[in-house]
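Computed from a prediction, not measured in an experiment: that's the story for all the values here. Counting starts at 1 for both ligands and their atoms, following the listed order.
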Amino acid sequence: MLNADQPGRRCPLHYRYSPSVFRDKTDLRADVLYIAGGLYGNPFALEQLLRLFASERKPARLVFNGDFNWFNRDPSTFVNVNEQVLQHTALRGNVETELSSDETQGCGCAYPEWVSDGVVSRSNEIMAILRRTAHQFPELCAQLAALPMYLVAKVGGLRVAIVHGDAESLAGWSFAHETLSQTPNDERLKRWFETAAVSVFACTHTCLPVVKLVRLPAGEGAIVNNGSCGMPNLAGTNYGVVTRIATYPTSHPTCAQFVIQGIHVDLLRVDYDHTAWLRLFCQNWPAQSSAYVSYFKRISEGPAFVGPVVL
Ligand SMILES: [Fe+2]
């Protein structure tokens with residue numbers, strides 16, 4: 001296996017922060033908050049996401065939670081996706097961080113040991129190719145570099161930390177389904193909620209959706225990972241997923257929902273134009289290309305994951 005210090009496995013120091021950074025801040029307030037992590041350069045998912053968002057009562061806010069770039073290697077889609085995303089609130093994920101930095105850490109995914117060396121190497125290749133596209137647009141890169149890594153939102157009285165990875169790192173895997181399903185009573189999770197003074201961590205990065213409810217001394221906490229907005233998330237499906245947190249319930253199709261402190265939390269389906277996305281993906285990433293080998297099966301059929309989404 002590639003050792004933990006190789007590009008793609010390494011978690012750079014500048015990706016890290018303390019859970020105390022969330023404690024005394026509130027960056028935005030809304031009655032409806034959409035958190036879209038992992039758009040991965042899918043313009044059709046973006047179109048459907050914006051359609052869903054437009055149907056909400058105001059005040060509503062949309063936060064792109066990083067990795068909105070990945071498969072958008074053609075200049076036209078690269079510009080289109082970034083220009084639309086940057087009209088809303090956005091955080092940088094590892095993809096935007098590596099796209100806009102002078103020195104690359106590979107893909108910046110900080111992949112754990114259960115991810116194969118082949119996936120890691122191909123992700124580094126995808127990043128190298130996407131950087132060549134991105135560097136044709138230095139003004140967009142400068143905007144990506146200036147994006148924050150995290151923020152705190154308030155919906156009603158509910159405090160929500162929005163992070164790309166986990167409570168300590170832009171590319172952390174502690175909020176992955178694979179990790180959370182193995183840690184039923186993790187004291188570290190409780191400490192993170194208490195230190196951050198939030199009731200929800202909304203995250204993405206690890207590419208599978210998961211909701212984990214955590215009993216805290218002061219009430220209940222929740223980790224809500226939307227998986228991917230721009231790729232299928234469950235076996236046999238072809239829709240993306242976005243997190244919705246709101247003071248009133250949704251009328252849109254959802255694949256998980258719960259109520260915390262009177263606030264409605266949903267993982268909404270993003271039913272994008274699957275045929276159009278497959279066509280564009282294959283134009284950009286023909287058979288045998290790094291992205292095709294790693295992702296075509298998932299994009300066309302969904303991942304092997306069958307849930308449960310709620311732990
Ligand atoms: Fe990521």
Side-chain angles (χ1 to χ4, degrees), residues 4 6-17 35-42 45-46 63-73 78 81-82 85 89-101 104-116 119-131 134 141 144-145 147-151 161-180 201-210 223-233 240-243 270 290-291 294-295 298-299 303 305:
Q6 297 292 312
R9 296 239 186 238
R10 178 191 311 142
C11 184
L13 271 181
H14 63 90
Y15 276 27
R16 295 175 184 272
Y17 44 82
I35 305 161
L39 183 68
Y40 296 120
N42 178 345
L46 177 57
V63 176
F64 286 92
N65 191 11
D67 291 4
F68 39 92
N69 294 284
W70 192 230
F71 300 124
N72 48 334
R73 69 179 289 189
F78 185 85
V81 166
N82 283 284
V85 165
T89 303
L91 303 180
R92 61 186 158 91
N94 52 291
V95 174
E96 289 73 35
T97 302
E98 296 308 320
L99 277 184
S100 58
S101 63
T104 180
Q105 305 286 331
C107 60
C109 296
Y111 280 121
E113 67 284 353
W114 68 76
V115 175
S116 73
V119 168
V120 177
S121 299
R122 288 190 293 274
S123 287
N124 290 336
E125 287 171 21
I126 295 167
M127 176 58 72
I129 291 166
L130 192 61
R131 274 170 64 90
C141 284
L144 297 181
L147 295 176
M149 287 195 283
Y150 48 77
L151 60 77
I162 306 179
V163 297
H164 184 73
D166 64 29
E168 291 187 334
S169 169
L170 175 72
W173 286 73
S174 293
F175 294 163
H177 191 285
E178 294 90 336
T179 310
L180 292 173
F201 282 101
C203 57
T204 181
H205 178 59
T206 60
C207 273
L208 292 179
V210 61
I223 297 163
V224 185
N225 188 331
N226 77 298
S228 169
C229 183
M231 282 196 294
N233 290 270
V241 170
V242 61
T243 299
V270 180
S290 45
S294 280
Y295 292 100
R298 174 170 180 159
I299 289 171
F305 181 65

Looking at the Fe ion (ligand 1), is there an N, O or S atom belonging to Asn94 that lies under 2.8 Å away from it? yes

Asp67: its N/O/S atom lying closest to the Fe ion (ligand 1) (atom name):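 That would be atom OD2.
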
min-distance N/O/S atom, His205 vs the Fe ion (ligand 1), resolves to ND1

Verify whether one side chain among Ser294 and Arg122 offers a donor that lies under 3.5 Å from an acceptor in the other. yes

If we ignore angles and hydrogens, is there a donor and acceptor under 3.5 Å between the side chains of Tyr17 and Ser169?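 Distance-only check fails for Tyr17 and Ser169.
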
Answer yes or no: is there a donor N or O on one side and an acceptor on the other, between the side chain of Asn94 and the main chain of Cys107, under 3.5 Å?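 Confirmed, Asn94 side chain pairs with Cys107 backbone.
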
Under 3.5 Å: donor-acceptor pair, side chain of His177, backbone of Leu208: no

